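Chain letters run A, B, ... following the sequence lines, proteins first and then strands; every chain starts at 1. Side-chain atoms are counted along with the backbone in the values below, which use heavy atoms only and exclude waters and symmetry mates. What you are looking at is a predicted structure, and each value in this text was computed from that prediction instead of being measured.
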Number of protein chains: 2
Amino acid sequence: MSWPPFDNLCLTPPPEAAAPLGPCLHCQVRHLSVCAVLSHEEINALDTAASLQVLAPGAVLARQGEQRRHVFTVTRGALRLVRLSADGRRQVAGFALPGDFVGLSGAAAHQNDIEALGETELCRFGLDAMQRLGEQFPHLRGKLLERACDELDSAHERMMSLARMNPTERMADFLLTLAARQARAGMPGPSLVLPMPRADIADHLGLTVETVSRCLTALRTRGLIALPGTYRVDILDRRGLETLKAA
Amino acid sequence: MSWPPFDNLCLTPPPEAAAPLGPCLHCQVRHLSVCAVLSHEEINALDTAASLQVLAPGAVLARQGEQRRHVFTVTRGALRLVRLSADGRRQVAGFALPGDFVGLSGAAAHQNDIEALGETELCRFGLDAMQRLGEQFPHLRGKLLERACDELDSAHERMMSLARMNPTERMADFLLTLAARQARAGMPGPSLVLPMPRADIADHLGLTVETVSRCLTALRTRGLIALPGTYRVDILDRRGLETLKAA
DNA sequence: CGAGGATTTGATGTGTATCAAACGCGGTGG
DNA sequence: CCACCGCGTTTGATACACATCAAATCCTCG
């Protein structure tokens, strides 16, 4: 029985759990081992199974339909998970930021293209190694199950966005979610860095590039955000954005 | 550490797995135990932890925000999982049909209202019992993890629908998915029973009732389906529907 | 400095929501 | 048994939000 995998599973650790543990042997970053709240024995086993990988901007880590062989933790940069339909329609299923866990799903093949947004560093685990670890440490599976459940909840949340929110509301929601993730990854504060171009945001939110652009300027005009650069957003009025999104 | 839960986890068994095992002691239906491909010991433990529950049409099984205490397997009838936003926008996150597993999520509280669509029968498991079983049989967690992964995959699939398909395509997708689920549950054939009213379909697909109605008549006009009754759909041209959805 | 691509801004069209009304059907009471 | 009522569904007319098409601007990099 093969070890059950994820696509875009976010295993970002809660900050408090990170404190007592050292970084990964390979990538010098506190990653999966930290997140899963494992014993030191388990952590060492995980870190030993890992190896480092660096991707150039735009590099392709996996293609839709390809056999899955590894799972990854992003340690620097960012990935996008892209789904293309037969007639060329594109959807960005999600983005993986530092601390996120990527590359697994219920299927034997990748469900998404996985591409590096900038120069990106990963910590890689072989599927077979993960399976062994899962058998060796049942606890690990329990932790991963919790994570999967969280991921499911957030997937339902995003469905609500796509189904029932207008473009501006989706944009506000997106910015707040991204801000929360950057905060969890240790970069709090109102200043956001968007690692992806507008087209990816559009395909993530089910909009067009033009609409994304218009929504951003609308939010700026309302004084909710500032746009100091193409890839930077400062959140000026968090409350205002939250009101919009909840609306 | 509390046992990790799901919302709308579908544990419908693959037909071949169901054969060698008997029905649940309580509800006479092959449910979770069958799905998870467990040992007989595990199955008995699960079934012993279960109890039967019957809901009248429209009955509320859980409310958004309520503390979670049980998980359920639907054995007859159907449930809808509904999410309401502050300003009254409504989304149906999913439907649970016989064989589906429901009521868990990463959170301590229910994320959705759960309501019976018709008279509905459930098999109920206490969360504490599930936690004990998970500790006792690590295998169970592995199986549930697999299921969670599958559920995540299908969630991504539905996001693609919501983000990038037009109403008719979503409708075709919905009908095919429903047909596949009824087939898995042992009712194959082109004749579909919709356990839910149009409004629920609309809120599931991010549309209005009017649009749902128009899409159905459009599919009928094209000769892809027949509508022998408000709650019945016959699939006349499966290929045609698949072409639409894939488009 | 110039070229190419990404982003923004502008003008127009269309698909779906919205508003409104008719229809069908099941249940109830006469 | 039939007439009536209420609700869900279907059908129709209209409005508008966002997509589409087109062009200007900005930014990056050679």
Side-chain angles (χ1 to χ4, degrees), chain A residues 56-58 80 87-92 115 117-119 161-175 192-222 225-233 244 247, chain B residues 57-58 80 87-92 115 117-119 161-172 174-175 192-222 225-233 244 247:
Chain A
R80 65 169 168 241
D87 63 342
R89 277 179 283 192
R90 183 172 181 270
Q91 167 153 47
V92 174
E115 300 160 350
L117 281 165
E119 182 169 300
S161 285
L162 290 172
R164 289 298 181 212
M165 286 183 178
N166 68 36
T168 310
E169 292 165 347
R170 284 184 227 178
M171 199 65 223
D173 186 34
F174 175 71
L175 292 176
L192 261 182
V193 175
L194 306 178
M196 72 294 282
R198 300 286 188 266
D200 288 344
I201 300 179
D203 286 337
H204 185 57
L205 301 180
L207 305 170
T208 61
V209 206
E210 295 93 326
T211 301
V212 166
S213 176
R214 280 187 247 268
C215 287
L216 283 171
T217 63
L219 292 176
R220 179 168 53 74
T221 306
R222 292 210 221 173
I225 62 174
L227 297 167
T230 307
Y231 292 95
R232 285 199 44 207
V233 177
L244 251 188
Chain B
R80 65 170 168 240
D87 62 343
R89 278 180 281 193
R90 183 173 181 269
Q91 167 152 49
V92 174
E115 299 160 350
L117 281 165
E119 182 169 300
S161 287
L162 290 172
R164 288 298 179 211
M165 287 183 176
N166 67 36
T168 310
E169 292 166 346
R170 284 184 226 177
M171 198 65 224
F174 175 71
L175 292 177
L192 262 181
V193 175
L194 306 178
M196 73 293 283
R198 299 289 187 264
D200 287 344
I201 300 179
D203 286 336
H204 185 57
L205 301 180
L207 305 170
T208 60
V209 208
E210 294 93 326
T211 301
V212 166
S213 176
R214 280 187 247 268
C215 288
L216 284 172
T217 64
L219 292 176
R220 179 168 54 74
T221 306
R222 293 210 221 172
I225 61 172
L227 297 166
T230 307
Y231 292 95
R232 285 200 42 207
V233 177
L244 251 187

Starting from P on D:dG8, measure out to CG on B:Leu216 and report it in whole angstrom. 17 Å
A:Arg198 CZ to C:dG5 P: how many Å, rounded? 19 Å
Check whether any side-chain N or O of B:Arg232 sits under 3.5 Å from a backbone N or O of B:Ala226 as a donor-acceptor pair, and report yes or no. no
Supply the atom-to-atom distance A:Ile225 CD1 to A:Leu192 CG, rounded to the nearest 0.5 angstrom. 9.5 Å
In whole angstroms, how far is the C1' atom of C:dG15 from the CD atom of B:Glu169? 13 Å
In B/S/- notation (B base, S sugar-phosphate only, - none; protein heavy atoms under 4.0 Å), nucleotides 16-23 of chain C written 5' to 3' is SSBB----
Just the rounded figure in Å: distance from C1' of C:dA6 to CG of A:Leu227. 15 Å
For A:Arg220, what residues pass the side-chain hydrogen bond (donor to acceptor under 3.5 Å, both in side chains) criterion, not counting sequence neighbours? none
For D:dC26, take OP1 and OP2 only and decide whether either is under 4.0 Å from a side-chain N or O of A:Thr230. no
Ignoring hydrogens and angles, tell me if any N or O in the side chain of A:Arg80 forms a donor-acceptor pair with the backbone of A:Glu115 under 3.5 Å. no
Send over the distance from B:Arg232 CZ to C:dC25 P, rounded to a whole Å. 14 Å
Identify the residue among A:Arg90, A:Arg89, A:Gln91 that makes a side-chain hydrogen bond (donor to acceptor under 3.5 Å, both in side chains) with A:Asp203. A:Arg90
For A:Met171 and D:dC18, give me the distance from atom CE to atom P, rounded to whole Å. 14 Å
Where the side chain of A:Ser213 meets the backbone of A:Val209, is there a donor-acceptor pair that is under 3.5 Å apart? no
Using only side-chain N and O atoms of A:Tyr231, determine if any of them is under 4.0 Å from OP1 or OP2 of D:dC27. no
Taking atom C1' of D:dA19 as reference, at what distance in whole Å does atom CZ of A:Arg170 sit? 12 Å
